[in-house]
Amino acid sequence: MEIQFQYVTDADAAERAVEELRREGTLGFDTETTELDPYKGRLRLVQLSTGRNTYVFDVFKFGEDGRAAQGLEPLRELLADASVQKVAHNAKFDQKWVRHHLGCETNGVFDTYLASVLIAAGDSDRRHSLADVAKYFTDIELDKSEQISDWNAGELSPSQLQYAARDAQVMLSLHEQMADRLASDGLTEVAKLEFECLMPIAQMELNGIFLDAERWREQLAKVRVAQSKAADELQDMLSAGVAQASLFGRAEINLDSQAQVTDALINLGVPMPNSTRAWELQPLAEKYPVVGKLLEYRAVQKSMTSFGENILEYIEPKTGRIHADFRQIGAPTGRFSCSNPNLQQIPHDAAYRRCFRATEGKKLVIADYSQIELRILADFSGDENFIKAFESGQDFHSMTASQVFNVKPEDVTAEQRSFAKRLNFGIVYGVGASRFAMMTGLSQTDAENTMRKYFGTYRNLDGYLRESGRSVIDSRVARTASGRMLRLRYDENDRASIASAKRYGVNMPIQGTSADILKRALRLLHDSLAGTSGHLVNIVHDEVMVECDSAEADDIAVKLENAMVAAGGEFVKRVPIKTDVHIADEWSK
DNA sequence: GTGAAGGGCCAC
DNA sequence: AAACGTGGCCCTTCAC
């Protein structure tokens, strides 16, 4: 079916188009670009649709540099105006291109991609491409064959323009269906939270983070030496158990093959546990030096491959920085995930983190939430003792140790604090006594007794966790403070399946509310950084990093802390929210 | 050759 | 009897 559209190629037409578009409260929105990466290609088209009429702005016709094009000023104002809603699919993509190539923000966004993910509520069978979403919510079949066509062409074909117009137009019928569905699923609030977080993330990806390649290479050189030494020594030790070794010299074993390494260890008489995972091998390391060597080799091998030369290839030549991909709903809990490269798994070791640094004349302002998940749990449970431990403002693990072991805070031993700490962390994930025993070295009985004491101290926490578990199994639904939803699937005839669903369902509201809070904080931060030198450069679940002019760092630190604490306060009412903020030259604690 | 699955391990 | 939640990346193995 042909779609009515107007092709906008000059300033007068642009002005008239925007005037017409402004009469609508909601517009379909899409862009066409010559590449997928805004630093590598050009923005060709911006499409805005009222449903009846669609305007296709050809950015090329307004000059070489879209940012400098005066004729596009009305369009920029319209896009930046949050009072006009723009419906787009995966809006982060369009926002990045518009920000970089037109020089303005896109505000007031409704994202059909994120809406679809929220509605799916963790169902991994559902797909979320525009074609899939259109089919699912409106039964419209979309042909995406022009998506990969040449948007660089001097003159675009009628079929290209038709395709471009249609993608913007289809957004409106999609929006109607999806807005209703969000409302009936109780997802309106979380959707707003997600949509308002899009622009901060789009901007963060454009900002990128500076990685000092020289420092990285220096570190890598050290690791290479260690790797080669460990590999050589491990090879020698393993070969001792292989028969052919004496005949043909040293038999080469693939040290990265868990099958070959396991065989070799068995030949050497090492009693092999169920797997060769580090935590299973660790206890054997003392008696069998070869096991210790294997663990040493694995560690350096991991450093060299996952955190080696490859990450340097992600440095964008145009900016000299790394622009990773952040998936806003990376996990069904609402947490972000990050890839290409994953900046959320850079080793904590200062040798790696110090390579991520502020550029000349700049500082990094780094803030992280203190015990955010435990504070959320305390709030949800309403447990007075648990809340008191936070209200005291003292070291939380010492306070809980003091309460659980019934000693004065100043008399808590290092060992008691350590038990309390590991239990505090484990509680959020639904740890059991046997796992707790495993990680502390306590006997099963002692572990059970310690946990009994813990839950005896925090009766309402125990009650909350039980009730939460019962409720998620009963209703097959879990929700965060913002209303984010997870549907649970389990086999009711399988105890293990029920137990697993229960842990997942109990954990999700806690982990997910933490994600809610971070997303709200990013919106507040984005607004308060406007007009400053501050730029968001990285986030790691409960940590936010901003780069800014050195002279402004103190001010930015206050803004960052305020945004994070205010966001926390919107979802957590009874427990104080605390952040630790510091100013540094490098990514460090 | 390519891709999926599984083991292993980094982060929070 | 069970045995701690979320991700991504690298490697080997194995099927096509």
Side-chain angles (χ1 to χ4, degrees), chain A residues 122 124 253-262 273-282 294-295 297-311 314 324-349 352-353 368-374 376-377 422-440 444 447-448 451 465 468-469 472 478 480 486 488 494-515 518 538-544 587 589:
Chain A
S124 53
I253 290 168
N254 183 343
L255 302 178
D256 299 320
S257 160
Q258 93 121 356
Q260 291 182 39
V261 168
T262 301
N274 294 328
S275 77
T276 70
R277 301 259 285 273
W279 64 274
E280 295 231 62
L281 289 177
Q282 197 61 60
L294 172 61
L295 292 173
Y297 168 78
R298 288 249 189 93
V300 285
Q301 178 66 11
K302 174 78 178 172
S303 302
M304 208 173 74
T305 54
S306 286
F307 308 106
E309 200 77 40
N310 41 12
I311 198 168
Y314 288 106
D325 302 329
F326 287 83
R327 268 180 66 200
Q328 196 166 313
I329 308 179
T333 57
R335 267 200 182 183
F336 283 95
S337 68
C338 178
S339 58
N340 305 312
N342 184 355
L343 296 176
Q344 297 186 149
Q345 63 169 172
I346 301 299
H348 210 269
D349 187 342
Y352 293 93
R353 295 217 166 170
D368 66 308
Y369 281 109
S370 159
Q371 316 286 11
I372 187 67
E373 293 193 347
L374 285 169
I376 292 165
L377 181 56
R422 281 182 275 188
L423 205 38
N424 283 333
F425 280 121
I427 285 311
V428 176
Y429 303 137
V431 73
S434 64
R435 185 64 195 260
F436 182 57
M438 183 96 76
M439 70 190 191
T440 52
Q444 177 79 16
E448 279 169 15
M451 289 184 72
L465 291 171
S468 172
V472 297
T480 68
L486 173 72
L488 292 146
D494 179 359
R495 297 169 64 96
S497 164
I498 296 171
S500 159
K502 192 182 280 192
R503 281 195 305 277
Y504 189 19
V506 169
N507 173 260
M508 182 270 179
I510 303 165
Q511 191 181 110
T513 298
S514 169
L518 175 67
N538 194 16
I539 49 174
V540 191
H541 306 305
D542 63 355
E543 182 178 12
V544 180
W587 186 7
K589 262 286 165 213

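Scope of the values below: all heavy atoms of this structure, side chains included, with no hydrogens, waters or symmetry mates. Predicted model only: the values in this text are computed from it and were never measured.
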#### Entry: Gap between atoms CG and P, on A/N310 and B/dC10 respectively (whole Å)
15 Å
### Message
Please enumerate all residues that pass salt bridge (Lys or Arg N to Asp or Glu O under 4.0 Å) together with A/D368, with sequence neighbours excluded.
### Response
A/K589
### Exam field: side chain A/N310 to backbone A/G308, donor-acceptor pair closer than 3.5 Å
yes
### A/S500: partners by side chain to side chain contact (heavy atoms under 4.5 Å, CB included), with sequence neighbours left out
A/R503
### Task
Remember a base hit wins even if backbone is also touched, and classify A/R422 as base, sugar-phosphate or nothing at under 4.0 Å, heavy atoms.
nothing
### Query
Going 5' to 3' on DNA chain C, which nucleotide is the first and which the last to come under 4.0 Å of a heavy atom in chain A?
C/dA3 to C/dT13
### Task
Identify, between A/Q260 and A/R503, the residue whose nearest nucleotide on DNA chain C lies closer to the 5' end.
A/R503
### Query
Which residues satisfy the side chain to side chain contact (heavy atoms under 4.5 Å, CB included) test with A/S303, sequence neighbours excluded?
A/V223, A/Y352
### Task
List for me each residue that meets side chain to side chain donor-acceptor pair (under 3.5 Å) alongside A/T440, sequence neighbours excluded, and say none if there are none.
none
### Task
Could I get the full list of side chain to side chain donor-acceptor pair (under 3.5 Å) partners for A/Q511, not counting sequence neighbours?
A/T333, A/N507
### Task
Check side chain to side chain donor-acceptor pair (under 3.5 Å) between A/N538 and all other residues, then give those that pass, not counting sequence neighbours.
none
### Message
Regarding A/M438, tell me which of base, sugar-phosphate or nothing describes its non-hydrogen contacts under 4.0 Å with the strands shown.
### Response
nothing
### Message
Once side chain to side chain donor-acceptor pair (under 3.5 Å) is applied, do any residues pair with A/R495, and if so which ones, sequence neighbours excluded?
### Response
none
### Message
Does A/A499 reach a base, just sugar-phosphate, or nothing at all? Heavy atoms under 4.0 Å.
### Response
sugar-phosphate
Using atom names, set out every protein N or O paired with an N or O of nucleotides 5-9 of chain B below 3.5 Å, distance rounded to 0.1 Å.
residue	atom	partner	partner atom	Å
B/dG7	O3'	A/Q258	NE2	3.4
B/dG8	OP1	A/Q258	OE1	2.6
B/dG8	OP1	A/T276	N	2.9
B/dG8	OP1	A/T276	OG1	2.6
B/dG8	O3'	A/R298	NH1	3.4
B/dC9	OP1	A/R298	NH1	3.0
B/dC9	OP2	A/A278	N	2.9
B/dC9	O2	A/K302	NZ	3.1

### Message
Under 4.0 Å, heavy atoms only, any strand: does A/R335 hit a base, just the sugar-phosphate, or nothing?
### Response
base
### Side-chain donor or acceptor of A/Q260 paired with backbone N/O of A/I253 under 3.5 Å
no
### Task
Tell me what A/I346 touches on the nucleic acid: a base, only sugar-phosphate, or nothing, going by heavy atoms under 4.0 Å.
sugar-phosphate
### Message
Under the rule for side chain to side chain contact (heavy atoms under 4.5 Å, CB included), what residues qualify as partners of A/D494, not counting sequence neighbours?
### Response
A/D491, A/A496, A/S497
### Message
So, using side chain to side chain contact (heavy atoms under 4.5 Å, CB included) as the criterion, who are the partners of A/Q345 when residues are at least two apart?
### Response
A/F307, A/N342
### Query
Contacts to DNA chain C from residues 427-437 of chain A, heavy-atom cutoff under 4.0 Å, which residues?
A/Y429, A/G430, A/V431, A/G432, A/S434, A/R435
